[in-house]
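Here the structure comes first, spelled out in structure tokens, and everything after it is commentary.
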Amino acid sequence: MGRKRFGPKPPLSRLAFVGLVISGIAVAAVAWSFAEEPSLREYRVPAGSHPHDVAPAPDGTVWYTAQNAGALGRLDPATGGTRHIPLGPGSSPHGVVVGPDGAPWVTDSGRNAIIRVDPSTEKISVHPLPKGRGDANLNTAAFDGRGVLWFTGQNGVYGRLDPPAGRIDVFDAPRGRGPYGIAAAPDGNVYYASLAGNHVARIDTATGAVTVIDPPTSRQGARRVWSDSKGRIWVSEWNTGKIGAYDPGPGKWREWRLPGDSPQAYAVYVDETDRIWVSDFGANALLRFDPERETFQTYPLPSKRARVRQLLGRKGEVWGAESGTDKLVVIRFP
């Protein structure tokens, strides 16, 4: 494990005055405080885990899919300790999200099922896809505002699971193969990115129908999506090394190329302050994009060939899974 800080000495951020009264005379005491720099830290997980996705939990721990181990991992950042929960024969978990019930939900391509893990008892509940929907190559999932879990399968499907009823519906994706990242927007809509299909799709959560939305750049390899607080949809464009933003109101796109000679934008995540975070395979770094200034800040990863495939966060933190190093990484910021 290691900690790394970036940038020059932080500027003075606040001057606070504390008034004291001594013998009827007011005296001003001056206290200085400085803004903290973002800090980066890596945590080792068991060798051979090949962590793919992460999901910070409300209790401070962090769930991660140990893809090569067929398990769901749990990291305690306070101690650095980890625990693996086996997900059953043939398991190859890809994505994990924490649901409204506080439990981790896993998209398991090996078992062709959605799996819930009870955070207290570690009991697993398996929700297999319907017959005739084998080998979906399940990818990632997101909960909509009604508590329905929507998911993608790279072999040309997307679907939903109603947790109380246990019912799963699977739909054929327009343009076939490719559904990959998925996210819910503040207005209740759900969007997914199609890596092989080179587009973004908006799901009508009532009917399950989708509307295809093409980015300006063809064959861009839309990989992951996330929404900011204004409902703009941010997309990582793997093939072109760009991030894109789609504004559903006017129906307009904008795109920005990542810095460097050969950027590869894999994951995208928007934090609670509407800062955009991207994992760049080409630079072996995490990047922060300021959409107002249209500038990037680069945070190099300490480990070579880290290959951060997914980003997710909670207040003040952005977490990633280093599939190439068997580590998790976090950036903490004020």
salt_bridge([X], [Y]) N-O dist < 4.0 Å:
X: E272; Y: K315; result: no
X: E294; Y: R254; result: yes
X: D187; Y: R202; result: no
X: D169; Y: R160; result: yes

Could you walk me through whether R314 and W319 satisfy the side chain to side chain contact (heavy atoms under 4.5 Å, CB included) test, starting with their C-alpha distance in whole Å, then the side-chain angles of each, then the deciding distance to 0.1 Å, before giving a yes or no? CA-CA 8 Å; R314 57 189 165 206; W319 286 84; 4.0 Å; yes
Check whether [X] and [Y] end up in the same hydrophobic cluster, where Ile, Leu, Val, Met, Phe, Trp and Tyr are linked by side-chain heavy atoms less than 4.5 Å apart.
X: W105; Y: L87; answer: no
X: V278; Y: V329; answer: yes
X: W226; Y: Y191; answer: no
X: V54; Y: Y266; answer: no
X: W63; Y: V330; answer: no

Go through the steps to decide whether L40 and L301 satisfy the test side chain to side chain contact (heavy atoms under 4.5 Å, CB included), and finish with yes or no. CA-CA 8 Å; L40 185 151; L301 293 163; 4.1 Å; yes
We want to know whether Q220 and T217 form a side-chain donor-acceptor pair, criterion being a heavy-atom distance below 3.5 angstrom. no
Are Y269 and W234 close enough, and set up right, to give a side chain to side chain contact (heavy atoms under 4.5 Å, CB included), and what steps lead you there? CA-CA 8 Å; Y269 169 71; W234 292 84; over 6 Å; no
Apply side chain to side chain donor-acceptor pair (under 3.5 Å) to N139 and H94, showing your working. CA-CA 6 Å; N139 197 276; H94 191 290; 3.2 Å; yes
Keeping the roles fixed (side chain from [X], backbone from [Y]), state whether a donor-acceptor pair exists under 3.5 Å.
X: R257; Y: G260; answer: yes
X: T65; Y: G95; answer: no
X: N112; Y: A136; answer: yes

Nearest atoms (heavy-atom pairs only) where [X] meets [Y]:
X: L258; Y: A265; result: CD2-CB, 4.0 Å
X: V235; Y: A222; result: CG1-CB, 3.7 Å
X: N284; Y: S303; result: ND2-O, 2.8 Å

May I have all residue pairs that pass salt bridge (Lys or Arg N to Asp or Glu O under 4.0 Å) and include part of residues 230-245, sequence neighbours excluded?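 Sorted result for residues 230-245: D228-R232, K230-D274, K242-E255.
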Contact list for residues 280-289, test salt bridge (Lys or Arg N to Asp or Glu O under 4.0 Å), sequence neighbours left out: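 Every candidate salt bridge (Lys or Arg N to Asp or Glu O under 4.0 Å) pair involving residues 280-289 fails, so no pair, neighbours aside, qualifies.
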Show your working on side chain to side chain contact (heavy atoms under 4.5 Å, CB included) between F281 and W238 and close with a plain yes or no. CA-CA 9 Å; F281 272 34; W238 172 251; 3.5 Å; yes
Is any side-chain heavy atom of [Y] closer than 4.5 Å to one of [X]?
X: H52; Y: N68; answer: no
X: P51; Y: E322; answer: no
X: P46; Y: T82; answer: yes
X: I276; Y: V268; answer: yes
X: P93; Y: T107; answer: no
X: D204; Y: V210; answer: no
X: I331; Y: W277; answer: yes
X: L312; Y: D53; answer: no

Distance-only check: which donor-acceptor pairs under 3.5 Å involve side-chain atoms of residues 141-153, not counting sequence neighbours?
from	atom 1	to	atom 2	distance (Å)
D144	OD1	R146	N	2.8
D144	OD1	G147	N	3.1
D144	OD1	V148	N	3.0
D144	OD2	W150	NE1	3.0
R146	NH2	T205	O	3.3
T152	OG1	T140	N	3.3
T152	OG1	T140	OG1	3.4
T152	OG1	Y180	O	2.5

Taking the ring of Y246 and the ring of W253, is the distance between their centroids below 6.0 Å?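 For W253 and Y246, the ring centres are under 6.0 Å apart.
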Does the separation of the ring centres of F296 and W256 fall below 6.0 angstrom?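 F296 vs W256: aromatic centres not under 6.0 Å.
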Rounded at 0.5 Å granularity, tell me how far [atom1] in [X] sits from [atom2] in [Y].
X: S194; Y: D214; atom1: OG; atom2: CG; result: 10.0 Å
X: I213; Y: I233; atom1: CD1; atom2: CD1; result: 8.0 Å
X: D108; Y: I114; atom1: CG; atom2: CD1; result: 8.5 Å
X: S236; Y: L287; atom1: OG; atom2: CG; result: 12.0 Å
X: S91; Y: L72; atom1: OG; atom2: CG; result: 9.0 Å
X: N137; Y: R177; atom1: CG; atom2: CZ; result: 8.0 Å

Please report the C-alpha distance between S49 and D326 in whole Å, then the side-chain angles of each, then the deciding distance to 0.1 Å, and finally whether the side chain to side chain donor-acceptor pair (under 3.5 Å) criterion is met. CA-CA 6 Å; S49 296; D326 287 330; 4.8 Å; no
Taking everything shown except R167 itself, do over 12 heavy atoms lie less than 6.0 Å from its CZ? no
Distance under 6.0 Å and angle within 45° of ring axis: R74 vs Y64: no
Result of checking H50, R309, Q67, R305 against S323 for side chain to side chain donor-acceptor pair (under 3.5 Å):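 With S323 as partner, H50, R309, Q67, R305 yield a single side chain to side chain donor-acceptor pair (under 3.5 Å), made by R309.
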